[in-house]
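When reading the values below, keep in mind they use all heavy atoms of this one structure, side chains included, and skip hydrogens, waters and symmetry mates.
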Amino acid sequence: MANTSQAMEPSEEVLKDLHFRMVRIRHFEEEAGKLMEQGKSPGALHLYIGEEAVASGVMVHLSDNDQITSTHRGHGHLVAKGGEFKRMYAELFGRETGYNKGRGGSMHISNVDAGMLGANGIVAAGPPIAVGAAFSNKYLARIEGRDQMNVAVPFFGDGATNEGAFHEAANMAAVWKLPVVFVCENNGFGEFTRQEDHQAISDIADRAAGYGMPGVICDGMDAVAVWEAAGEAIERARNGEGPTLVECKTYRFVDHVGLSGIGLHYRTDEELEAWRARDPIEQHEKRLIELGVMTQDEVQAVHDAVMEDIAESIEFAENSPLPDPADLLNDVYTPTAAS
Amino acid sequence: MTTADAPAERQLVYTLAITEGVRQALQEDPLAFMAGEDIGEAGSVFGIYRGLYDEFGPDRVLDTPISESGIIGLAVGAGATGLKPIVDIMFMDFIGECMDEIVNQLAKMRYMFGGKATLPVTVLTMSGAGLNLAAQHSQSLEAWLCHTPGLKVVMPATAYDVKGAIITAAREPNPVFVVMCKGLMALPGDVPEEPYTLPIGKAKVVREGEGLTIVAHGRMIHEATKAADLLEADGVSVEVIDPLWLQPLDTETIINSVSKTHNALVVHEAVRFGGIGAEIAAQIAELSFDYLDAPVARVAAPFSPVPFSPVLEQSYVPNAERIATEAKRILGLG
């Protein structure tokens with residue numbers, strides 16, 4: 001679905017695609033959260049519920065040849081990049097059939113073949129890796145004689161922009177004019193700490209000026225707004241015009257960890273309800289129906305099909321083999337003839 | 001191959017052997033590039049990459065910002081997407097600036113992804129004391145790296161080995177740290193002109209002997225050899241082993257030697273507590289306890305930052321005399 005950004009008005013196909021990706025993320029996450037609370041999915045899950053418009057609005061512009069790096073809240077990015085539910089649930093369950101053969105779990109879920117260079121348990125670790133991928137894209141375009149470059153998109157939160165690694169990556173991307181689009185998912189909190197308590201600016205896009213790159217702000221609850229802002233930035237990057245910082249203002253509908261959280265009080269019900277009233281999927285469905293792109297029944301059919309896929313995928317994951325402890329040391333190193 | 005096997009047709013100093021290793025690695029693979037601080041036009045603060053920028057151009061030999069985390073991140077991302085990064089961290093002390101990218105990203109990405117990523121990354125860095133550069137530019141931090149599954153670590157102490165280590169690392173599909181020794185920069189040695197590699201995880205028996213095994217690496221291999229000369233004069237026949245690869249470690253060669261000599265002394269420039277020598281001593285104790293005539297001994301730096309003042313620095317770094325003295329003690333000759 002690349003090269004959509006010429007027109008500022010999304011086609012019907014794009015509008016449906018945005019919807020499909022968001023619905024897939026929402027249901028995947030809600031079911032994953034329940035499975036964690038039932039004890040079927042070990043460890044901790046950081047859910048993307050509420051932020052679906054960001055991953056979907058960006059990913060519509062990317063192909064498997066474009067890379068992303070993700071965060072600890074990474075399921076949504078992989079779903080939006082075409083992740084298969086079967087292999088995702090299998091990974092969350094620690095099964096051999098998972099994307100990472102059960103070696104990574106939620107916080108490292110990846111699909112390198114589709115350019116998804118991993119969720120990451122370390123805040124701001126993704127941007128430097130995305131800069132490396134973008135360097136490859138520029139290098140390979142040069143030696144293959146291509147004008148258009150593949151693009152690398154690091155996703156990160158407001159909290160990550162306080163890490164030195166983010167700063168180093170942004171500076172390197174700018175000085176080398178690499179094909180990177182830095183997508184900040186500003187959900188107003190670094191874990192449990194409010195943005196105003198962790199940085200003295202409210203607009204992270206302001207930081208772009210310090211690196212000599214454009215910074216833009218969009219409504220991260222509106223898939224079309226994200227699609228538009230990301231499209232322009234990705235087009236610039238593809239054409240060799242360098243990086244952009246795109247800040248998407250969004251909100252997490254569930255807690256930092258899990259569906260019902262760990263009982264910490266750091267935000268009010270009123271604030272949560274105000275953001276829930278701007279639910280990105282509900283807003284988008286209203287638009288689809290008003291524009292006559294889809295009927296209510298067609299919208300419902302998308303939800304039903306996604307839920308059916310989820311049910312089959314959970315069953316697949318639950319019935320998948322566990323890794324063999326005898327294989328524990330596999331893949332620490334790439335095997336070579338010498339070793 | 002060992003230094004003794006190498007054809008003697010040409011000598012290079014350690015620094016020029018580094019340059020030649022990188023040059024040949026870049027020549028043989030168009031996907032290889034080099035990046036680091038001041039390594040482009042300037043050719044590095046140590047002069048070790050002089051001429052490479054002119055030969056390969058700015059697309060393949062890149063000056064980076066002073067951003068160690070960014071440099072390793074660049075290598076991880078570029079390595080995972082098809083290139084063969086060779087990156088330079090000027091002083092080994094600076095790995096503190098990029099430990100997350102080294103330990104949590106570079107070393108683990110393949111494993112965490114279930115074997116779906118390959119990280120053909122070479123990191124070159126300069127270690128060691130002796131130039132009065134004080135506590136933040138003189139450390140030997142190789143144990144930090146050896147403790148991290150996913151990394152390979154080689155510490156070449158001759159011109160032959162440093163060139164071979166760089167080419168080996170560049171051809172290897174795993175992350176390899178080539179920890180170079182700044183105290184050896186002017187050391188000449190036989191270096192073949194053609195590219196060659198070292199066997200990964202294979203130690204070198206630098207000198208054969210019967211009565212004591214000294215295991216030393218990096219610059220200490222030369223002090224150990226001098227100590228062996230001193231001990232020889234006292235009638236002690238010393239075997240000197242350079243593990244060369246600290247990860248993976250060639251335990252077999254070390255154990256075979258100790259089984260023959262019945263005495264073991266482990267030497268390194270890094271601080272003694274928790275150094276790689278502790279691991280080597282533990283393996284000797286575990287695997288050849290019955291052969292030992294005395295407890296395994298260690299000579300290493302004291303538990304202190306590297307001091308600046310030349311008199312203090314000389315006292316801090318182990319030398320041949322201290323090695324020989326400790327050897328005599330465990331042999332009951334002191």
Side-chain angles (χ1 to χ4, degrees), chain A residues 67 69 91 96 98-105 107-113 115 117-118 120-122 124-140 142-143 150 152 154 163-165 167-173 175-176 323 329-336 338-339, chain B residues 30-31 33 35 58-60 62-83 85 87 97-98 100-101 103-121 149-152 168 171-175 197 199-202 248:
Chain A
Q67 306 91 352
T69 62
E91 187 58 34
E96 191 68 26
Y99 269 116
N100 306 27
K101 299 199 292 189
R103 270 65 168 181
M107 266 192 285
H108 307 293
I109 199 161
S110 66
N111 184 14
V112 177
D113 293 340
L117 302 180
N120 209 309
I122 305 295
I129 296 170
V131 165
F135 180 83
S136 279
N137 296 341
K138 187 173 181 179
Y139 193 100
L140 293 171
R142 177 177 58 78
I143 64 177
N150 295 322
E163 290 272 17
H167 165 74
E168 293 189 18
N171 181 59
M172 282 171 88
V175 73
W176 290 341
L329 294 180
N330 288 2
D331 298 322
V332 177
Y333 294 96
T334 301
T336 57
S339 58
Chain B
L31 297 177
F33 71 96
D59 292 324
R60 295 189 68 197
L62 289 98
D63 279 319
T64 65
I66 301 175
S67 300
E68 288 81 7
S69 196
I71 291 167
I72 301 295
L74 169 76
V76 173
T81 54
L83 298 189
V87 296
E97 290 277 9
C98 47
D100 175 65
E101 290 289 341
V103 172
N104 285 321
Q105 317 300 331
L106 177 64
K108 293 182 176 57
M109 187 187 263
R110 177 178 179 79
Y111 190 83
M112 294 190 301
F113 290 6
K116 305 287 173 47
T118 303
L119 281 299
V121 171
L151 303 180
K152 296 188 178 182
T168 307
R171 291 182 187 174
E172 167 70 19
N174 290 291
T197 58
I200 292 176
K202 187 76 188 135

Can you measure from [atom1] ([X]) to [atom2] ([Y]) and round to the nearest 0.5 angstrom?
| X | Y | atom1 | atom2 | result |
| --- | --- | --- | --- | --- |
| A:Asp331 | B:Met109 | CG | CE | 14.0 Å |
| B:Leu74 | A:Met172 | CG | CE | 5.0 Å |
| B:Met112 | A:Ile109 | CE | CD1 | 12.5 Å |
| B:Thr81 | A:Asn150 | OG1 | CG | 10.0 Å |
| A:Thr336 | B:Glu172 | OG1 | CD | 5.0 Å |
| A:Leu117 | B:Phe113 | CG | CZ | 6.5 Å |

Which heavy-atom pair separates [X] from [Y] by the least distance, and what is that distance?
| X | Y | result |
| --- | --- | --- |
| A:Tyr333 | B:Leu151 | OH-O, 2.6 Å |
| A:Trp176 | B:Asp63 | CZ2-O, 3.5 Å |
| A:Ser136 | B:Gly77 | OG-O, 4.4 Å |

### Message
Which atoms of B:Pro30 are under 4.5 Å from chain A, going by heavy atoms: the side chain, the backbone, both sets, or neither?
### Response
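The answer is the backbone of B:Pro30.
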### Salt-bridge contact B:Lys116-A:Asp113 (side-chain N to carboxylate O under 4.0 Å)
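No, this pair does not count.
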### Query
What option among B:Asp100, B:Val76, B:Asp59 has the most heavy-atom pairs under 4.5 Å with chain A?
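Most heavy-atom pairs under 4.5 Å with chain A: B:Asp59.
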#### Entry: Max heavy-atom pair count under 4.5 Å with chain A, selected residue of B:Leu62, B:Ile71, B:Ile66, B:Asn104
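If we count pairs closer than 4.5 Å to chain A, B:Leu62 comes out on top.
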Identify which of [options] forms the greatest number of heavy-atom pairs closer than 4.5 Å to chain B.
| options | result |
| --- | --- |
| A:Gly105, A:Pro128, A:Ala169 | A:Pro128 |
| A:Met107, A:Glu96, A:Arg103 | A:Arg103 |
| A:Ala133, A:Gly164, A:Ala130 | A:Ala133 |

### Side-chain donor or acceptor of A:Asn100 paired with backbone N/O of B:Gly114 under 3.5 Å
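Not confirmed, A:Asn100 side chain does not pair with B:Gly114 backbone.
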Please classify the contact of [X] with chain B as side chain, backbone, both or neither, using a heavy-atom distance under 4.5 Å.
| X | value |
| --- | --- |
| A:Val332 | both |
| A:Ala125 | both |
| A:Glu91 | neither |

### Message
A:Glu168 and side chain to side chain contact (heavy atoms under 4.5 Å, CB included): which single residue from B:Pro65, B:Cys98, B:Ser69 fits?
### Response
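Exactly one option meets the side chain to side chain contact (heavy atoms under 4.5 Å, CB included) with A:Glu168, and it is B:Ser69.
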